[in-house]
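Just passing along the structure, written as structure tokens.
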Amino acid sequence: MCPAQRDPKSPERRGFFKEALSVLIGGVISLVPVAAGITVFFDPLRRNKAKGGGAIRVASLSALRDIGVPQKFPVISSRVDAWNKYPQTPIGAVYLMKTDDKTIKALNVACPHAGCFVDYNADRNTYLCPCHNSSFALDGTVRDPKSPSPRALDELKVEVRDGEIFVHFQNFRAGVAEKIPEA
Amino acid sequence: MIKRLFDWLEHRTGHASLLKEALYENIPGGARWRYIWGSTLTFALFVQFVTGVFLWMHYVPGSNNAWESVYYIQNEMMGGWLLRGLHHFTAQAMTVLLLLHLMQVVIDGAYKAPREVNFWFGVVLLMLTLGLSLTGYLLPWDQKGFWATKVATNILGITPIVGPAMQKLVIGGPDYGHHTLTRFFALHAGVLPGAIIALLAGHIYLFRKHGITAKQPLRKPDTAFWPDQVLKDAVACLAVLVVILFFILRYHGPDLGAPADPSEPYSAARPEWYFLFLFQFLKYFPGGTEIWGAIVIPTILMGALIAMPIFGRWKLGHRFNVGFLFALVAGAALLTYLAKNEDSKNADYVVAVKQAEEDAKRVKELAQSPLGIPPAGAVTLLRSDAFTQGPKLFAKNCANCHRYGSGDGMGGKPKGDPSASNLKDFGSREWLTEFLKPENVDNVHFLGATKFKDGKMVKFVKKSVANFSADEKEQLKKVVMAVSAEAHLKLQEGADARDVAAIEEGRKLIATESMRCTECHQFQKKDEDATAPLLTGYGSRDWIVGIINNPKHEKYYGDRNDRMPAFGADKMLDETQIGLIADWLRHDWYEPAQTAAK
């Protein structure tokens, strides 16, 4: 029993006590389902991409024909999508180009501006983003200074072992000048 | 400043007067506990909407992903078990609260003129809520929901004339599949909740229009809804929530059975507990008359409920209504009790429930294994799991003649005596050691019940082995190690690695004069005259698969085969099934790291 209830002279205080208690209880019980939902809603923040950078075999050296001509290859690796695990599935793509007989240049196909899939235009010998018209030279640098892309195409580390090309595949954050690996 | 803003808003929306009207409704005779039920139901509905929307964000209504997404919410997502628990147990609570609300309305005569229409609104709301329960039960796409819902839709199918067409429409085709889930989900998350909101608005509007049906005699002066009744309602809602939370914590969220599998019988199928009375009722209607139990009588009873406001006009009508409702509730309670009671005494059902729990536990282990859930869905995990399928296949195909320990591998006891060797730990050192004991070789666990009872092997063990010198006994031990190592058993990996030298010695001993194995068996060398099963790879996966496939093959018994069928060659079992039996006999299945460490 609340002391206010024993005091007949202050019905207002008693009323206030009841009002406050009603609001309190009502608030708490309404919050429980909302809080449970919000907790689950924020679960994605706990999840990070599997650590990239491991070398993935992308193609055989013999698949690259001419020096200075980029060719597109899918990057096949295992991927986790919430509950599903895919052992071998495309997780992205790269342009591979022989710069001389021994060295290979690998560029991630994603435009650093907003992540669109960049096309290679053989006639103009340039990479062109179909979304916002960024253009890149064959070495990946921004060609047209009016391009909205904040940086060059993302170059990836390449290794050649026994005639096979391995790429350390990695995506980088779009829209910023620095090359920041996506977590 | 704030006041001016509120005034401005009030002019344009009238929110303050609306709120005032909502809060200051008159309650004749003061606030009372008996008026709380409507509010608790509204609260429960609020919980269902909130939790439902968040579940919706993570649920996939497709037959390869529904179970998987629920599994993920329940076991992988932060707080997922609590969210699902709230939704699941609030649904149960709603059924109870609906009944209490209905009883209070009928007992207090709140269905009488001029409140008939509102009563009917309530009855429709009741049915819609039960519809939510029914549709929601299927969505996790586990064995329990799948088979129970199948029964419900098959019952729908017996409706005269339109039944089969209606059934097809409800399940979205001739069979359960993707469209059953999309349709049930749209009903569950769209159509039914939408209808409930609309009807609830009408229900509350009509309730306000006619005012509360005050319980006579009035005990206190009138009060307003706010804050006296609101406080009572809030306390009641809190109590409901506490009960729900208690159940969630007690069971750590709702259970999730093994994924739905139309090829896997599920004898533990039962509807949710509040539908058990209907399930039980149906048992009393012999074949051909089930339409009475499933449709006609429930419809008549529902009709009587709807007609309550009309009955109520007659002199004894109210008493009849109250009596009818109590009879209905008592009848349902009795049927529920009978259903529970029958099940608890039904040994098969108890076994089925236990099996269902084991499958549910196992599939969770497999889903959490490094291989995870394949794109074809978690149902394939159990189907290709030797630990789950091995005993079932053994009990069905092998246990007629063979035993596994003292039973059929599933914990059952086959009738009659075995007529072939016991296959528990087949190929292990223990098994071979026991087999080679003179007192064992011709008992029913080994060759005693086969046509080889008086054969060369038995004679060899009974005469030669029985008279082995201490040296020869040591040699035999090494032979056992060598033969057993051929099996490459996972459980014996450690021992095999430790005893490399002894195994190597044993291999050489197999062909010696004193051990005499190669007189009948082949071991590593081709021998056209061999008459007994091959010892190369004895007990290995290939060896076991081969003998199940065809024991008449020259590698095994050839023409001397006793009664063992050629399960593979004669197409009684397929390759996968034979492989599962072999893996299971060899204890070769996935173990979660924790258990494996033991």
Side-chain angles (χ1 to χ4, degrees), chain A residues 1-51 54 74 76-91 183, chain B residues 31 43 46-55 57-58 60 64-65 67-73 75-87 90 224 226-242 244-245 248 367 369-378:
Chain A
M1 276 279 165
C2 153
Q5 275 178 308
R6 268 182 262 127
D7 183 358
K9 279 178 192 167
S10 57
E12 259 182 44
R13 264 183 69 191
R14 194 180 147 191
F16 175 76
F17 172 75
K18 281 187 178 175
E19 286 174 13
L21 196 59
S22 302
V23 170
L24 182 71
I25 296 175
V28 169
I29 60 176
S30 308
L31 216 62
V32 170
V34 175
I38 297 277
T39 310
V40 176
F41 180 78
F42 279 111
D43 178 84
L45 294 183
R46 295 195 309 150
R47 308 204 174 262
N48 293 319
K49 274 206 175 152
K51 268 237 178 293
I76 312 282
S77 183
S78 64
R79 192 171 75 92
V80 177
D81 180 3
W83 51 88
N84 278 141
K85 286 193 178 144
Y86 299 89
Q88 288 290 303
T89 196
I91 57 166
Chain B
F43 169 66
F46 164 78
V47 174
Q48 294 306 71
F49 275 85
V50 172
T51 52
V53 166
F54 283 107
L55 286 169
M57 292 181 196
H58 306 100
V60 182
N64 289 344
N65 282 313
W67 184 91
E68 291 73 7
S69 62
V70 177
Y71 157 82
Y72 196 74
I73 294 170
N75 297 301
E76 303 290 333
M77 298 191 85
M78 188 167 55
W81 61 275
L82 178 64
L83 180 67
R84 211 183 143 229
L86 279 170
H87 199 71
T90 307
W226 173 257
D228 285 22
Q229 187 63 46
V230 173
L231 181 60
K232 283 194 163 63
D233 289 355
V235 170
C237 294
L238 178 65
V240 169
L241 185 66
V242 167
I244 289 166
L245 289 173
I248 297 171
S369 80
L371 286 177
I373 300 174

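Note on naming: letters A, B, ... go to the chains in the order of the sequence lines (proteins, then strands), and numbering restarts at 1 for each one. These figures come from a predicted structure and were not determined experimentally.
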_Part of B:Val230 lying under 4.5 Å from any heavy atom of chain A_ =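 Both backbone and side chain of B:Val230 come within 4.5 Å of chain A.
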*Which region of A:Ser78, side chain (C-beta onward) or backbone (N, CA, C, O), has a non-hydrogen atom less than 4.5 Å from a non-hydrogen atom of chain B, or is it both or neither?*
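Contact with chain B: none, neither part.
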*For B:Ser69, is it the side chain, the backbone, both or neither that has a heavy atom under 4.5 Å from a heavy atom of chain A?*
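Its backbone and side chain both get close to chain A.
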_To check you understand the geometry: which heavy-atom pair defines the closest contact between B:Met77 and A:Val40, and what is its length?_
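Taking every non-hydrogen atom into account, CE-O, 3.8 Å.
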*Contact leader toward chain A among B:Asp233, B:Asn65, B:Ile373, where contacts are heavy-atom pairs under 4.5 Å*: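 Among the listed options, the one with the most contacts to chain A is B:Ile373.
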_Leading residue by heavy atom contact count with chain B [cutoff under 4.5 Å; candidates A:Asn84, A:Leu21, A:Ile25, A:Val28]_ =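 Winner by heavy-atom pair count: A:Asn84.
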*Is it the backbone or the side chain of B:Leu86 that comes under 4.5 Å from a heavy atom of chain A, or both, or neither?*
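The side chain, not the backbone.
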*Would you please name every residue forming a ring pair (Phe, Tyr, Trp, His ring centres under 6.0 Å) with B:Tyr72, sequence neighbours left out?*
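Ring pair (Phe, Tyr, Trp, His ring centres under 6.0 Å) list for B:Tyr72, sorted by chain: A:Trp83.
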*Does anything in residues 32-46 of chain A pair up under salt bridge (Lys or Arg N to Asp or Glu O under 4.0 Å), and if so which pairs, sequence neighbours excluded?*
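Of all non-adjacent pairs touching residues 32-46 of chain A, those that pass salt bridge (Lys or Arg N to Asp or Glu O under 4.0 Å) are A:Asp43-A:Arg46, A:Asp43-A:Arg47.
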*Among the listed options B:Val47, B:Val240, B:Leu82, B:Thr51, the residue most often paired with chain A at heavy-atom distances under 4.5 Å*: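 The answer is B:Val47.
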*Quick one: of B:Met57, B:Lys232, B:His58, who has the most non-hydrogen atom pairs under 4.5 Å with chain A?*
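The answer is B:His58.
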*asked:* So for B:Leu238, is it side chain, backbone, both, or neither that comes closer than 4.5 Å to the heavy atoms of chain A?
replied: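 Looking at B:Leu238, backbone and side chain both touch chain A.
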_Atom group of A:Leu24 that falls short of 4.5 Å from chain B, counting heavy atoms_ =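 No part of it gets close to chain B.
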*asked:* Taking side chain as everything from C-beta outward and backbone as N, CA, C, O, which of these in B:Leu371 sits under 4.5 Å from a heavy atom of chain A? Side chain, backbone, both or neither.
replied: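 It is the backbone, since no side chain atom gets that close.
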*For the residue pair A:Pro33 and B:Phe46, what are the closest heavy atoms and their distance?*
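Distance-wise, the nearest heavy atoms are CG-CE2, 4.0 Å.
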*Do B:Leu83 and A:Thr39 come close enough that some side-chain heavy atom pair is under 4.5 Å?*
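No; the side chains remain at least 4.5 Å from each other.
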*Over all heavy atoms of both residues, which pair between A:Ile29 and B:Cys237 is shortest? Give the atoms and the distance, please.*
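Residues A:Ile29 and B:Cys237, closest heavy atoms: CD1-CB, 3.3 Å.
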*Would you mind checking which part of B:Pro375 comes under 4.5 Å of any heavy atom in chain A, side chain (CB onward), backbone (N, CA, C, O), both or neither?*
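The answer is both parts of B:Pro375.
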*Do side-chain atoms of A:Lys85 reach the backbone of B:Pro370 as a donor and acceptor pair under 3.5 angstrom?*
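Checking the backbone N and O of B:Pro370 against the side chain of A:Lys85, a donor-acceptor pair under 3.5 Å is found.
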_Heavy-atom cut-off 4.5 Å, strictly under: side chain, backbone, both or neither for B:Phe49 against chain A?_
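Looking at B:Phe49, nothing touches chain A.
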*Does the side chain of B:Trp226 reach to within under 4.5 Å of the side chain of A:Ser22, using non-hydrogen atoms?*
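Side chain of B:Trp226 against side chain of A:Ser22, heavy atoms only: contact under 4.5 Å found.
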